[in-house]
Amino acid sequence: MLKLDNIAHSERLKPLSFTAEAGQLIGVIGANGAGKSTLLKIMAGLLNDVSGAATWADQDMTRWSAIERRQYLAFIPQQTQFQEPATVADLLRTAQINLRAGAKELAQWRQLSIEQFELEPLLERAVTELSGGEQRRVTLACTHAMNRPLLIADEPTASLDLNYQLLTMDWLKTSSQQGKLVFVALHDLALAAQYCDQILLLHHGALLAHGTPNQVLTDANLATAYKVSVDWLCNPKGVAMLPRRL
Ligand SMILES: Nc1ncnc2c1ncn2[C@@H]1O[C@H](COP(=O)(O)OP(=O)(O)OP(=O)(O)O)[C@@H](O)[C@H]1O
């Protein structure tokens, strides 16, 4: 279980508390600048000037060393800029450095990642020579290859085509159903409605609403947070939305 107790950033996030059981996909939504990345980075242990308490399985997350943190969580940043022309195969191996697992197990996780994100044809290519979407798939595959129980993804579908957006959301959903706790920041509210078990809606650095998609994606909340009204189109195959500016 993850428990945040009055977690806050001195300038960017007001005190926020919630608990989340493993086995869930939790969407983090809100307008530009609302505090989504800040919250995710705090959980990933990447920010200073943080107050409050954070525990994972009753362990104090704020005291984890970098190596300890790697045993429990994998983080997908909003943007990745590859500087070195490493091959995709090398990057997948590098992603697994310092993980406490056997060589056979690590190789199996890498192979599953390659299959999940269809990277076989790109394995020996330099990552710096790949397209933006291909680079994103490499980042996601590196996180997949870590196979950690807590997965934190900041707009993982940005820059992906429709097929890979759905493939990524399917992966996050399956990961949660297999027992991981997954947080995902999203701008696509239809994907959030369709895939997430719970949603945290942030507004001006504070938690405006928290609950199931039906509880959070109300006309009033969307008007406050995004200044839009939305017509929802729902059928058994999925959810689409028609937003209008208020
Ligand atoms: N490195 C930084 N230094 C100072 N302020 C920052 C920094 N990064 C973000 N902020 C500010 O913190 C607030 C929250 O930013 P954050 O990146 O968490 O928003 P977000 O909800 O992820 O937005 P977006 O949808 O645009 O990615 C914003 O007002 C932003 O300007």
Side-chain angles (χ1 to χ4, degrees), residues 2 4-18 20 25-54 61-62 66 69 73-83 132-133 135-137 139-140 143 150-162 164-165 168-169 172 181-211 213 215-218 220-230 241 243-246:
L2 176 88
L4 300 186
D5 188 7
N6 277 314
I7 206 84
H9 183 272
S10 56
E11 289 161 8
R12 298 187 232 162
L13 193 71
K14 301 191 178 81
L16 178 156
S17 300
F18 72 89
L25 176 54
I26 301 187
V28 181
I29 64 169
N32 288 144
K36 302 179 296 296
S37 297
T38 302
L39 174 62
L40 298 189
K41 283 182 192 162
I42 289 174
M43 288 195 281
L46 297 175
L47 287 185
N48 297 320
D49 299 325
V50 173
S51 57
M61 295 169 75
T62 61
R69 195 176 304 121
L73 73 85
F75 177 65
I76 300 168
Q78 189 172 14
Q79 285 167 337
T80 323
Q81 278 173 343
F82 293 102
Q83 310 287 353
Q135 291 191 10
R136 194 63 177 160
R137 276 160 54 207
T139 302
L140 298 173
T143 311
L150 176 56
L151 181 50
I152 299 173
D154 196 347
E155 295 184 39
T157 54
S159 79
L160 294 181
D161 67 36
L162 278 177
Y164 286 114
Q165 286 183 34
T168 299
M169 293 307 297
L172 297 177
L181 176 58
V182 184
F183 287 85
V184 58
L186 288 170
H187 277 298
D188 186 331
L189 301 187
L191 287 181
Q194 192 167 333
Y195 281 90
C196 295
D197 300 303
Q198 286 192 63
I199 291 179
L200 301 171
L201 171 57
L202 297 176
H203 181 54
H204 291 169
L207 186 61
L208 178 67
H210 173 205
Q215 290 168 331
V216 172
L217 299 172
T218 62
N221 284 341
L222 296 179
T224 304
Y226 292 95
K227 299 195 191 101
V228 298
S229 84
V230 171
M241 58 183 285
R244 279 187 313 280
R245 293 174 64 216
L246 287 173

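Counting convention: from 1, in listed order, for ligands and their atoms alike. Just so you know, these numbers come straight off a predicted model, no measurement behind them.
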### Task
Return the residue, atom name and 0.1 Å-rounded distance of the protein heavy atom closest to atom 26 (O) of ligand 1.
Asn32 ND2, 3.0 Å
### Note, Leu191 side chain near Val184 side chain (heavy atom, < 4.5 Å)
no
### Message
Can you report which non-hydrogen protein atom sits closest to atom 17 (O) of ligand 1, along with the distance?
### Response
Ser37 CB, 3.6 Å
### Query
Just wondering, do Leu73 and Phe183 contact through their side chains at under 4.5 Å, heavy atoms?
no
### Query
Nearest to atom 6 (C) of ligand 1 by heavy atom, Gln78, Arg12, Gln79, His203: which?
Arg12
#### Entry: Sub-4.0 Å atoms of ligand 1 with respect to non-hydrogen atoms of Gly35
14 (C), 18 (O), 19 (O), 20 (P), 21 (O)
### Task
Measure the distance from atom 21 (O) of ligand 1 to every protein heavy atom, then report the residue, atom name and distance (to 0.1 Å) of the closest one.
Lys36 NZ, 2.8 Å
### Query
Within 4.0 Å of atom 30 (C) of ligand 1 (strictly less), any protein heavy atom?
no
### Query
Can you find a pair of side-chain heavy atoms, one from Val230 and one from Leu189, that are under 4.5 Å apart?
no
### Query
Is Ile42 close to His9 at the side-chain level, that is, under 4.5 Å between some pair of heavy atoms?
yes
### Message
Can you report which non-hydrogen protein atom sits closest to atom 15 (O) of ligand 1, along with the distance?
### Response
Thr38 OG1, 3.8 Å
### Query
Does Glu155 have a heavy atom less than 4.0 Å from any atom of ligand 1?
yes
### Query
Do any heavy atoms of Gly30 fall under 4.0 Å from ligand 1?
no
#### Entry: Heavy-atom nearest option to atom 23 (O) of ligand 1, drawn from Ala31, Gly33, Ala158
Gly33
#### Entry: Beyond-backbone contact of Met241 with Leu222, side-chain heavy atoms, under 4.5 angstrom
no
#### Entry: Minimum side-chain heavy-atom gap Met43-Phe75 below 4.5 Å
no
### Task
First locate atom CD1 of Ile76, then atom OG1 of Thr139, and finally report the distance between them rounded to the nearest 0.5 Å.
8.0 Å
### Query
Do the numbers put Arg136 on top of the ring of Tyr164, so that NZ or CZ is under 6.0 Å from the six-membered ring centre and no more than 45° off the axis?
no
### Message
Below a 4.0 angstrom heavy-atom separation, can you tell me which part of His187, side chain or backbone, both or neither, approaches ligand 1?
### Response
side chain
### Query
Touching ligand 1 at all, His9? Heavy atoms, strictly under 4.0 Å?
no
